[in-house]
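For the single chain, residues carry numbers from 1 onward in sequence order.
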Amino acid sequence: MPGNPHTPQMKKVKKHILWQAATFIAACAIVLYFMPSDSSSKFHYEENRPWSYGILTAPFDITIYRDSATIAEMTDSIDRAMVPIFSRDPSPETRAEAAVTNAGHVSAPTRARLAATIRRLYADGIVDPPTAALIARGDLPEVKIIVNNVNTPAPTARMRSQRDAYALLDSLFRDSPDRPAIQTLELGRLLEPNITPDARATERYRESLLQPVLAGIGVIQQGERIIDQGEIVTPQLYQILRTYEATLDKTSRASTSKMLNTFFGHLIFVVLAFGLVYGFLYLYYPQTFLDHKRVLALMTLPVVFFLFSVLMSNAFTSGIYIVPLAIVPLVAMVFFDSRTAFFILVATTLLCAVAASFPLEFIFLELTAGTAVLFSLKELSRRSELLRSALVAFAAYVCSYLAVELMSTGTVGSLSWRLIGYFAVNAVLISFAYILIFIYEKLFGMVSVVTLVELSDINNPLMRALSTECPGTFQHSMAVSNLAAEAAHRIGANVQLVRAGALYHDIGKIDNPAFFTENQHGMNPHDLLTPAQSAKIIISHVSDGLRRAEKAKLPKPVAELIPQHHGRGKAKYFYITEQKNHPGEEVDPAPFTYPGPNPQSKEASLLMMADAVEAASRSMTDHSDEAVSALVDRMVDTQVADGLHSESPLSFRDIATIKDTFKQRLRTMFHARVSYPEAPKPEAARNSEAAQKNEKQ
């Protein structure tokens, strides 16, 4: 029974539905997880742009702080003028002086003089090499030294590094008779720095200088106006608004119920956005809806571009406009159709709008640019068309941005050249959509129009082999391609897929070209074989074709047309011959039946019909309109009666259109040609012919 839930077909449908549900839940979960945390903010605004909301009053006292630019400028000034803090450590001096005092092998006068020199060097200050380098460059003319918990300024002119201090000491005692004894003291190692940087004290000192800068400079009291509609958001107002929102955010985070409400709001929004996509596919494209791989490919687009939008929005102001959302409908159109492309553009734009500062402006700009790309690119078949679409997208962005600015401010003076630059970067990224299309093909096993156009090039190796080894089959394939492509265009099927499939549907004949009528010249090798043997060779061109398709790495949708163009039909010539050879006996049809499957798509059915009609038309002797019509009707109706197209989505209207197209094309191919009259001969030639005639008589 058709309704039996345990039939293989029902199980297959249930499996697909489970896949679709899993894809839906995964997409919703990813988007919810990366939903911007500040999306609960009530307002969206930018510096130096008009406030687009009504009057805003303070619901509580708001401390006014300096704006970020002023704070940064004052901080830089403090850092440039700040003198670092050092500490003086007496222990290195004590250790060096003790070593000299205890040096009994040095004479007493020399020891006293040496100790005094060391005390003077340490009084001036000995510093580490990095500090000495700063002093030598003039970058550190002064430091502050902590003395009794007071930062006391100290000039650095007389401070020396360990090396310089030892060099001075060595020069003073160069002529001393005790110099060899002094060298044994290794004073170069003993003269350790006594003036060292105090990073912690320096940071505390810096914080004390910055404290007045970061402190509030005023208060907006409760009920006082903050900003009104149309006012420019100056850096100062921007800082006040950020403080206002931060306070609101703290209040909202403290409320668990509000957090839950926000989460459920996000959940409903995301479910509705993706639910619209699923509903659209279910109602208008049920075949696609049951194909979990195609649905996964389609749902990947909004998820990936949502994540990219959130990343760019968090990276810098208005960075979301760098995201090339126009690629979404472009890719969807290449693998699906323009209606699906527009719908997925709308869903993706709505999702990404939550990361935009001005959602309504963002939606208008992105829908305008994406729709313009769709209008400019009906079918992507050349790489140059991407450049044109990128230019169209850029123009659409600029025009829509200009419209928004004129409506909100009434002047072009507020246009942001930075934003226009983002639009230019966006357009450049659109022109590289080929990369994403290539990745899409490899990830999801789909085939693009671009690939199909490239496969239709008759100069590729497989087509060259077919034209060389099987010239008759090659001509047949070309004719079938033209016939099927015209019919595909009329019924709305994939023209490029039919064209490519027709070119490759008989590549298996390359292995045994002489066994096929169109390639025979003279003797027919089937005369030496039984009908069953001949049928086996003829049918094998399907399996041979699949092997060649796999070796040449033909896309799956093209390779699938090779077995489907004969379906489960029979090699009727040899089957009927076998029946005639065994009258009164029941002939087993299995050895004469193609492996199939029957056509599963409009394109496969078209190819089967075109293949049979074109092959049969070659044996016609009567090319009248009535004969052509009778041939087309007989071939197509026989296939339909045999149930070969029962699994195809073709409608009766499609079949009638296909027949009509085939008839028109064949009539054009077989039209009668005008008989050209002979050119009139010159007078001399006529006289010569008359003379020759008379001589013969």
Min side-chain heavy-atom separation [X]-[Y] under 4.5 Å:
X: Phe274; Y: Val31; result: yes
X: His292; Y: Thr23; result: no
X: Arg294; Y: Met446; result: yes
X: Leu650; Y: Ile658; result: yes
X: Cys352; Y: Val323; result: no
X: Leu607; Y: Val498; result: no
X: Gln600; Y: Glu647; result: yes
X: Pro531; Y: Phe592; result: yes

Would [X] and [Y] count as a close aromatic pair, with their ring centres under 6.0 Å?
X: Phe280; Y: Phe343; answer: yes
X: His541; Y: His566; answer: yes
X: Tyr278; Y: Phe24; answer: yes
X: Phe289; Y: Tyr282; answer: yes

Closest non-hydrogen atom pair between Pro324 and Ile430, with its separation: CB-CG1, 3.8 Å

Using a strict threshold of under 4.0 Å (side-chain N to carboxylate O), is an ion pair present between [Y] and [X]?
X: Asp511; Y: Arg548; answer: yes
X: Arg490; Y: Asp654; answer: no
X: Lys509; Y: Asp506; answer: yes

Which word best sums up how the rings of Phe515 and His526 line up, parallel for under 30°, tilted for 30 to 60°, or perpendicular for over 60°? perpendicular

May I ask you to decide if Thr593's main-chain N or O and Arg568's side chain share a donor-acceptor pair within less than 3.5 Å? no

Hey, does the side chain of Asn460 reach the backbone of Asp457 with a donor-acceptor pair shorter than 3.5 angstrom? yes

Derivation of the side chain to side chain donor-acceptor pair (under 3.5 Å) call for Glu366 and Thr349: CA-CA 7 Å; Glu366 295 299 342; Thr349 302; 5.8 Å; no

Whether Arg339 engages the ring of Tyr284 as a cation-pi pair (distance to the six-membered ring centre under 6.0 angstrom, angle to the ring normal within 45°) should be assessed. yes

